[in-house]
Amino acid sequence: MKKLLAALLAGGLMIIPAAHAQDKEGEAASPSPQAAAPAPSESEVTSNVAGDEAAAEEGEHETPHYPLKRPAELAWTFAGPFGHWDLQQLQRGYKVYKEVCAACHSMELVAFRNLEALGYSEDQVKAIAGDYTVTDGPNGDGDMFERPAIPSDHFPSPFANPEAAAAANNGAAPPDLSLIAKARAVERGFPRFVFDTVTQYQEAGPDYIHALLTGYGQNPPPGTVIQPGTHFNPYFIGGPALAMPPPLSADAVTYDDGTPGTVDQYARDVSSFLMWAAEPHLVERKATGFVVMLYLLIFAALVYLVKKRVWANTPH
Amino acid sequence: MSGHSSYVPTNRFMRWVDARLPLPRLVYDSFVAFPVPRNLNYAYTFGGILSLMLGIQIVTGVVLAMHYSGNSALAFHSVEQIMRDVNWGWLMRYMHANGASFFFVAVYIHIFRGLYYGSYKAPREILWILGVVIFLLMMATAFMGYVLPWGQMSFWGATVITGFFTAFPIIGDPIQQLLLGGFAVDNATLNRFFSLHYLLPFMIAGVVILHIWALHVTGQTNPTGVEVKTKDDVVPFTPHATIKDGLGMVVFLLFYCWFVFYMPNFLGHPDNYIPANPLKTPAHIVPEWYFLPFYAMLRAITFNIGPIDSKLGGVLVMFGSIIVLFFLPWLDTSRVRSAVYRPIYRIFFWVLVVDTIFLGWLGSRPAEGIYPTLALIGTIYYFAHWLVILPVLGLVETPRKLPASIAEAVLGPNYASGTAAGAAPPSGSVSAPENR
């Protein structure tokens, strides 16, 4: 009974971040995902008896919920109703992506032409694309051939297919990064999610990426089992450790604008870049929203005045 | 209320039309001259808001369908193409996705308004039942729509929800296979869900017409629950209700646009930005927020009851939670409609609201620890409200004294009878207590 009450209290206070110990694609904690965090099968979800037994067991062993630590909420230029991109930052983030992330991660939904939104000129985009080689074809002879990329091409993937990606990365295919800033978020929990509707907090994705990239190198709590080939990171959403080794180190990327090359700076820049990649129309959306809200507010005021006039002599 | 028509064609052309197809007469009688109680508050504007939302969903949906590919290999990328490359595609998609949520926001307020003011009671039983039919169609449409982006939560939500049907003995498996077009969620499932997702909104529109027809036969209820008796009780729909509904719509759109433009993914799930993968089950499969109370009730049944195993029990409870609404007009035994005059019912009404929100929160929790037990308590209370509290309360509760008429409630007992609707009331009645 005491335990029941404690669980109730914990649930109410959201000490249990719950619900998000997700076995994420490619970030799988170990080559055999079943060992780390068995994902419930369909039958467990629909058949409640099995689920309940599993739950009771889970309570006994005090299974930790992931992530172990909540990401810090950073200040992003694109947050809030007047959010905008810091183009310098996006260009720096693109450089980090290109020189570090792209070695393993694809970004197949983004085309080179999209990079013009980062402030590059058409010629610069052509030059950037020209550095890549893509496979085209078949040509008139029926053969596939390689050619330099053009702006309408999408970023080529580092691996031929997911199987090759998994084989080269200890069995865990690195996830595509096109949408990663929207596909990862630590659950906010009550009452945070209620406040979020007012504060417009929508940056859980970049906050998570930043926290993950800067969260390596800490000591795991005693008793934590780290599978061989995985790396402890208390911010990882799917378990205590992930297959991706710490990708960033100080001065790994040389910025053209003289910004100091710290891991924190790299993480911020690449998180912003990935937010842009996931939501290229974000700023346009918010700017449109401002005009729409203004219009609706004025319209509402006018309709209210007409309504008042219509009902003026009609008690109701 | 749908008696004599007061429409008079104003010119020869309209007379000519009226003699052949009296459509302008129908519109005039339904949306201009139609008498509405003078004391309707803003809770009564949600019918109009819902019509607006249905319109927004159909228009944005038709545009999205022009760019969407209903094929499991292409669906996810076609949605991303809409988001990235289609002109204003992001706006269409976010309006549509959040439009579904706000459709449900509006319908839940609409339903609870009906519960509070007893709008389901005689002679409006069919009006209420049609409303429940619309609600069911909305749920089916929203569920199928959520599958179309073919993300992880689309795929696994479809797997879980179609799996409900396997709970039924003998007929369960064939029904599930018919829904899926195979033995698992796959391209055939996506194809038929797309087809049905396009069909059902027009069925909703059809039932909405019946719903409005039934409304115009019986007339609207009002916060007093007293039927309209004289023309002092009513005002013409236009301009009074038109402008009031219009204000309700614009304010509602403000909330809607807040989400569309500033936090379009708040009501969604991050996992749905991961392409569907039949080999990877998400750790927690959660439906959209508007299904959560029903999902909690499904999972609350963790034990077998005689021959009914826990899975079938959960499914029956979930379907039962909506089926019971069909019988509401006969379960509520009170002869007084409005909760304004039912002091005890009013308390139970708010407890039901809290219980439903509580169940919704439990639906978002994993089925572990204390949660299934709390869900069971919430579920028992939910059913007790309809099956025990309402029938008994009507017999034992002493209602407050009802006003003789709407006009009396609004204008006070001394209002001069014969005051034309909409005209200035006698000076003595201006300070009459309003009864909203």
Side-chain angles (χ1 to χ4, degrees), chain A residues 4 7-8 11 18-25 37 39-42 45-49 51-52 54-56 58-59 81 109 114 175 178-179 182-185 190 196-197 200 202 204-205 238 278 280-281 285-286 288-289 292-293 296-297 299-300 303-304 306-307 310-311 313-316, chain B residues 38-39 77 80 83-84 90-91 159-160 163-164 235 239-240 243-244 246-247 250-251 253-254 257-258 260-263 265-266 270-271 273-274 277 280-286 299 301-303 310-311 314 361 364-372 410-411 422-425 429-430 432 434:
Chain A
L4 223 84
L8 189 67
H20 262 253
Q22 282 152 327
D23 183 12
K24 292 292 184 182
E25 177 194 1
S41 67
E42 180 207 344
V45 173
T46 44
S47 156
N48 296 294
V49 178
D52 202 34
E58 197 170 329
L109 295 176
N114 297 135
S178 317
L179 282 166
K182 289 200 285 186
R184 297 290 185 278
F190 182 80
D196 288 349
T197 60
Q200 296 186 353
Q202 280 278 279
H281 296 294
R285 186 185 83 218
K286 290 183 172 181
T288 310
V292 170
M293 297 302 275
L296 282 177
L297 276 171
F299 189 44
V303 174
Y304 172 72
V306 176
K307 185 255 159 195
V310 166
W311 285 83
N313 297 321
T314 310
H316 50 280
Chain B
R38 65 194 302 156
N39 59 339
H77 279 80
E80 274 308 310
M83 291 297 293
R84 288 158 191 271
W90 57 268
L91 180 61
T159 302
V160 170
F164 295 162
V235 289
H240 293 83
I243 194 70
K244 200 163 182 172
L247 181 56
V250 178
V251 173
L253 284 180
L254 271 166
C257 287
W258 180 267
V260 169
F261 291 100
Y262 296 127
M263 37 198 335
N265 294 308
F266 177 81
D271 275 17
Y273 281 110
I274 303 170
N277 183 348
K280 283 246 165 64
T281 317
H284 294 281
I285 301 172
V286 279
R299 297 188 305 176
I301 310 302
T302 53
F303 46 83
S310 64
K311 183 176 173 185
W361 177 70
S364 74
R365 302 292 92 203
E368 59 186 40
I370 186 75
Y371 298 130
V410 175
L411 305 170
S429 59
V430 175
E434 294 190 5

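Please read all numbers here as calculations on a predicted model, not as lab measurements. Just so we're on the same page: letters track the sequence lines, and every chain starts at 1.
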Taking C-beta and beyond as the side chain, do B:L253 and A:F299 meet within less than 4.5 Å on heavy atoms?
no
Suppose we screen for side-chain hydrogen bond (donor to acceptor under 3.5 Å, both in side chains). Which residues come up paired with A:S178, at least two apart in sequence or across chains?
A:D176
In terms of heavy-atom pairs under 4.5 Å with chain A, the winner among B:V251, B:L91, B:N265 is B:N265
If I measure from the heavy atoms of chain A, does B:V260 come under 4.5 Å with its side chain, its backbone, both, or neither?
backbone
Side chain, backbone, both or neither: which part of A:P81 has a non-hydrogen atom closer than 4.5 Å to chain B?
both
With a 4.5 angstrom heavy-atom cut-off, which part of A:Q202 approaches chain B: side chain, backbone, both or neither?
side chain
What option among A:V292, A:L109, A:L297 has the most heavy-atom pairs under 4.5 Å with chain B?
A:L109
With under 30° as parallel and over 60° as perpendicular, where do the rings of A:H281 and B:W90 fit, or are they tilted in between?
parallel
Winner by heavy-atom pair count (cut-off under 4.5 Å) against chain A, out of B:H77, B:M83, B:R84:
B:R84
A:N114: side-chain hydrogen bond (donor to acceptor under 3.5 Å, both in side chains) partners, not counting sequence neighbours:
none
Would you mind reporting whether B:I243 and A:W311 have side-chain heavy atoms less than 4.5 Å apart?
yes
